[in-house]
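Only one structure is covered here, and it is reproduced in the block below.
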Amino acid sequence: MIEELEAVEVPSVFICPISLDPMRDPVTLCTGQTYERSNILKWFSMGHYTCPTTMQELWDDSVTPNATLQQLIHTWFATKYSAMKKRSQDVQGRAIEVLEILKKAKGQSRIEALKELRQLAAAHSTARKSLVDNGGVGSLSSLLGPFTTHAVGSEVIAILVSLDLDYSGKTNLTQPAKISLMVDMLNEGSIETRINCTRLIEMLMEGKDFVSENVSSLSLLVGLLKLVKNERHPNGVIAGLRLLKAICSHESLRASIVSIGAVSQLVELLPGFKADCIELALHILEVLSTVPEGRLALKECAKTIPNMVKLLMKVSESCTQLALAILWAVCKLAPEECGALAVEAGLAAKLLLVIQSCYNPVLKQRSAELLKLCSSNYTATNFISKCKLTTTIQ
């Protein structure tokens, strides 16, 4: 009962002062303080002969079972547990009832039923399980199609994104007409709907048989970039970047992502992102740098090199590794031009810092290679002078 009622606020008198957990076998010391038996015995075994709460020395180290308190604790938890079970059964029953209503409802009645189902699913894990177990995923999926209104679609998707979808459910939702509706709502819906559509599409992409053509529309990619650029909604930024990362895993789609200007936009957004978003964005840019179109777009973006240099040894080791990979791809493409720009941006000092401070041998090796590449167009003296490294080397 204690485990299932973990979220319930327990009266402080039922809590053991040592473990701060509810007591199962309370015992009282000569000082009048009560503890969980196993906790106080462990306290004694460590050589302490004081009361943990008052720090008084004990004139008697015997413990007395507190049967009254134990009964109170058991009664309190039993009452709460019974009430919780009843609420759970009521919620499950109502979820099934609304699901049946939904099969016959039309127009505004359908929307109202969906809103109630959405509230139940959001508030109760038992309602979500009940929906899955009683064919709710199939019933909800059947409401999505080319003639579905956004009012209905937004409610359905908000429910679906909260459920555990099995293989059959995901396969059903990847039908072109359903994906098309999600893309439309991702571009035209409220911010909440756009985020839910993004998360649902990401869930669908986790299936092993997912076909990349399902997410190949430029409209989807444009909608995701709009979401990523909306700094007022951090949840939308993360959701958009996560889906773009998933789409990038399909090599055939990388050129399309580059074609909508994603590279320059992500590079320019990097300085304003938080750490988790920076890592996602760098991962996307690093993957895009593996295709010719991506490398060229990175080279042509004026902020690529300075922004990548700034991120070295700044956010995390993973970000440093990704930024190095991007810098390597760009400098390798045009060593003379990009190498000079990288040197002007202070790359050499950052690379020496990586070589000196980083424990990762892969990063050290890549930094040394990049330093050599950038210095290839200079004499040793000129390179040291150009990079203002004389003091560092001395």
Does the pair [X]/[Y] count as a salt bridge with the N-to-O cut at 4.0 Å?
| X | Y | answer |
| --- | --- | --- |
| K103 | E100 | yes |
| E116 | R94 | yes |
| E268 | K303 | no |

Begin with the C-alpha distance, continue with both residues' side-chain angles, and end with the deciding distance and a verdict on side chain to side chain donor-acceptor pair (under 3.5 Å) for T174 and N214. CA-CA 7 Å; T174 54; N214 288 330; 4.6 Å; no
Is the closest side-chain donor-acceptor distance between [X] and [Y] under 3.5 Å?
| X | Y | value |
| --- | --- | --- |
| S168 | D166 | no |
| S154 | N196 | no |
| E317 | Q321 | no |

Begin from the C-alpha positions of L220 and I247 and carry the test side-chain contact (heavy atoms from CB on, under 4.5 Å) through to its verdict. CA-CA 11 Å; L220 168 61; I247 293 172; 4.1 Å; yes
Within the structure provided, determine whether L204 and I179 are in side-chain contact (heavy-atom separation under 4.5 Å).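 Sidechains of I179 and L204: in contact.
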Separation of E155 CD from Q119 CD (nearest 0.5 Å):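 One gets 8.5 Å once the value is rounded to the nearest 0.5 Å.
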Working to the nearest 0.5 Å, report the span between OG of S162 and CD1 of I157.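 Output value for this atom pair is 12.0 Å.
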Ring-plane angle category for W76 and F14, please: parallel below 30°, perpendicular beyond 60°, tilted otherwise.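 Answer is perpendicular, since the angle exceeds 60°.
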Could you go through residues 237-244 and list every donor-acceptor pair under 3.5 Å that involves a side-chain atom there, pairing it with any protein atom two or more places apart or in another chain?
| unit_1 | atom_1 | unit_2 | atom_2 | d |
| --- | --- | --- | --- | --- |
| R242 | NE | E202 | OE1 | 3.3 |
| R242 | NE | E202 | OE2 | 3.2 |
| R242 | NH2 | E202 | OE2 | 2.8 |

With side-chain contact (heavy atoms from CB on, under 4.5 Å) as the criterion, how do Y35 and C51 come out once you've worked through the C-alpha distance, each side chain's angles and the decisive distance to 0.1 Å? CA-CA 10 Å; Y35 302 93; C51 174; 3.0 Å; yes
Is there a donor-acceptor pair under 3.5 Å between the side chain of N66 and the backbone N or O of T28?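 Between the backbone of T28 and the side chain of N66 there is no qualifying donor-acceptor contact (under 3.5 Å).
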Dump the intermediate steps for side chain to side chain donor-acceptor pair (under 3.5 Å) on S318 and E279, then the final yes or no. CA-CA 7 Å; S318 177; E279 188 159 339; 3.0 Å; yes
Can you get from M313 to L285 by hopping between Ile, Leu, Val, Met, Phe, Trp and Tyr side chains that sit under 4.5 Å apart?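 Linked, M313 and L285 end up in one cluster.
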